[in-house]
Amino acid sequence: MTDHVRIGVLGAAMIAPSAVIRPARSSTVAEVVAVAARSADKAKAFADKHGIARVHGSYEDLLADPAVDAVYNPLPNGLHGKWTLAALEAGKHVLCEKPFTANAAEAASVAKAADASGLVVMEAFHYRYHPLAMRVAEIISSGVLGPLRHVEASVCFPLPMFSNIRYDYSLAGGAMMDAGCYAVHMARLLGAEEPEVRSAKALLRGPSIDRAMRASLRFPSGHTGSVHASLWSSTMLKLSMKAIGENGTLSVFNPLGPQTLHRLSLKLKDKKSSETFGKRATYAYQLDAFTDAVLHGKPFPTTADDAVKNMTVIDSIYRAAGLPLRQPTP
């Protein structure tokens, strides 16, 4: 592998076409060459539908395939850590769907293995690679907002299909895991520091499963924060982030939409401005970053070490809400 990354997909997940299969078709350096599923028939049906040449009837067989350089891991949350570790042991680079693992302790063990392997392990926060997120980071670091006062991030969308794996505690499900991991990541980006969790309140679907969550944060420099995540609540749809400083406010509409227009608004004491961004998919930018890291050693923001920090905040939110931490699926 010198100028091309051959990717194998673990599981016939619904997100895989958007996240890697379609972006790879327009890439000159990435190709999805294999897929594995819990059964060979399921893998073959997925491969036939998406034009993937190689089919494996088990995840182990895909990891043993010498024609695969890197693995995309979109398995249920509780399996992320287990199969990322297995991929590293097999010598494969990994693009792992968020949330990185079931909890911070598991994330730390994966990060340790990633550091020791010398391989690329990227958490798939695709929004972070879009020009909009790059611009947000630039504005925050520039100090134009002045001392920060408050940051907030919301990722709420309706998912009333309660048999979905996102509501399954045994698979490390919950609104804070699936939607909230984004909100926490965005709040950390805006806040520019690692926060402590002051309080959290969940709306429950079952004894251990949150269908929605709100949490209050405080950052070391004194500014506050809030995150709101929902799979089913009175807030049907809200995708936004905001940073309020002494000199003005930064607001972002739809930071996640992979192919829809995004909008950034900046309101300072003496002027207002608005910026829009193109329709190229966030996932395409993410694949570019992943292949640049694999082929050229280019640094990237959503590292395994960053994932440990994100999972640490998520764990703290669950504790503050009186809910058990998510656990890896056996």
Side-chain angles (χ1 to χ4, degrees), residues 1 3-101 110 114 117 119-126 129 164-166 168 171-173 178 258-259 281-295 302 328-329:
M1 182 183 60
D3 61 357
H4 204 71
V5 181
R6 300 168 299 177
I7 300 171
V9 178
L10 291 178
M14 292 178 62
I15 189 61
S18 296
V20 295
I21 295 172
R22 287 197 289 270
R25 289 176 185 152
S26 60
S27 172
T28 60
V29 296
E31 181 184 5
V32 176
V33 299
V35 62
R38 288 172 292 178
S39 73
D41 288 345
K42 186 174 182 180
K44 186 177 186 307
F46 188 87
D48 289 345
K49 181 177 181 179
H50 298 290
I52 301 172
R54 303 169 73 86
V55 175
H56 295 289
S58 73
Y59 304 147
E60 292 90 347
D61 287 348
L62 184 143
L63 296 182
D65 188 341
V68 172
D69 305 311
V71 166
Y72 171 59
N73 180 357
L75 296 171
N77 300 339
L79 295 173
H80 284 174
K82 173 182 178 178
W83 288 103
T84 294
L85 287 172
L88 292 174
E89 290 172 5
K92 313 297 186 186
H93 304 278
V94 183
L95 175 62
C96 181
E97 268 303 333
K98 51 80 209 163
F100 192 62
T101 53
V110 176
S117 73
L119 296 164
V120 172
V121 178
M122 176 185 285
E123 187 175 15
F125 276 117
H126 57 99
Y129 295 93
N164 188 277
I165 61 172
R166 293 168 178 83
D168 190 338
L171 296 175
D178 192 75
Q259 289 179 304
T282 52
Y283 296 115
Y285 288 104
Q286 176 178 260
L287 186 60
D288 288 349
F290 183 66
T291 55
D292 277 346
V294 170
L295 296 173
T302 63
T329 303

Where do V35 and A47 come nearest, in terms of heavy atoms and distance? CG1-CB, 3.8 Å
Atom pair CG/NZ of L10 and K92 - distance to nearest 0.5 Å: 10.5 Å
Checking side chain to side chain contact (heavy atoms under 4.5 Å, CB included) for the pair V9/V20: CA distance, chi angles, key distance, verdict? CA-CA 9 Å; V9 178; V20 295; 4.2 Å; yes
Taking all non-hydrogen atoms of both residues, which atom of P74 and which atom of E97 are closest, and how far apart? CA-CG, 3.8 Å
To the nearest 0.5 Å, what is the distance between NE2 on H93 and CE on M122? 11.5 Å
Locate the shortest heavy-atom distance separating G8 from V68; write the atom from each residue and the value. N-CG1, 3.7 Å
Tell me, do I52 and I21 make a side-chain contact under 4.5 Å, heavy atoms counted? yes
Which pair of non-hydrogen atoms, one from G91 and one from L119, has the smallest distance, and what is that distance? C-CD1, 3.7 Å
Do L75 and Y59 make a side-chain contact, defined as non-hydrogen atoms from C-beta onward lying under 4.5 Å apart? yes
V294 versus D69: any side-chain heavy-atom pair under 4.5 Å? no
With side chain to side chain contact (heavy atoms under 4.5 Å, CB included) as the test, would you mind laying out the steps for K98 and D178 before giving the verdict? CA-CA 8 Å; K98 51 80 209 163; D178 192 75; 3.6 Å; yes
Please report the shortest heavy-atom distance between K42 and A12, naming the atom on each side. CE-CB, 4.1 Å
When rounded to the nearest 0.5 angstrom, what is the spacing between CG in L295 and CZ in F290? 9.5 Å
Nearest-0.5 Å distance, OG1 of residue T84 to CG of residue N73: 4.0 Å
Taking C-beta and beyond as the side chain, do E123 and C96 meet within less than 4.5 Å on heavy atoms? no
Residues A114 and V121: closest non-hydrogen pair is CB-CG2, 3.6 Å
Going through the checks in order, is the side chain to side chain contact (heavy atoms under 4.5 Å, CB included) test met by H50 and R25? CA-CA 11 Å; H50 298 290; R25 289 176 185 152; 4.1 Å; yes
Less than 4.5 Å apart, side chain to side chain, heavy atoms only: is that true for T302 and Y129? yes
Is the count of non-hydrogen atoms from other residues, nucleotides or ligands lying under 6.0 Å from R38 atom CZ greater than 12? no
I need the L62 CG to W83 CH2 distance, nearest 0.5 Å. 10.0 Å
Does some side-chain heavy atom of L287 sit less than 4.5 Å from a side-chain heavy atom of Y72? no
How long is the straight-line distance from CD of Q286 back to OG1 of T291, given to the nearest 0.5 Å? 10.5 Å
Verify, without hydrogens or angle tests, whether H56 (side chain) and A34 (backbone) share a donor-acceptor contact under 3.5 angstrom. no
Are L85 and V110 packed together at the side-chain level, in the sense that at least one heavy-atom pair is separated by less than 4.5 angstrom? yes
Are Y283 and P17 packed together at the side-chain level, in the sense that at least one heavy-atom pair is separated by less than 4.5 angstrom? no
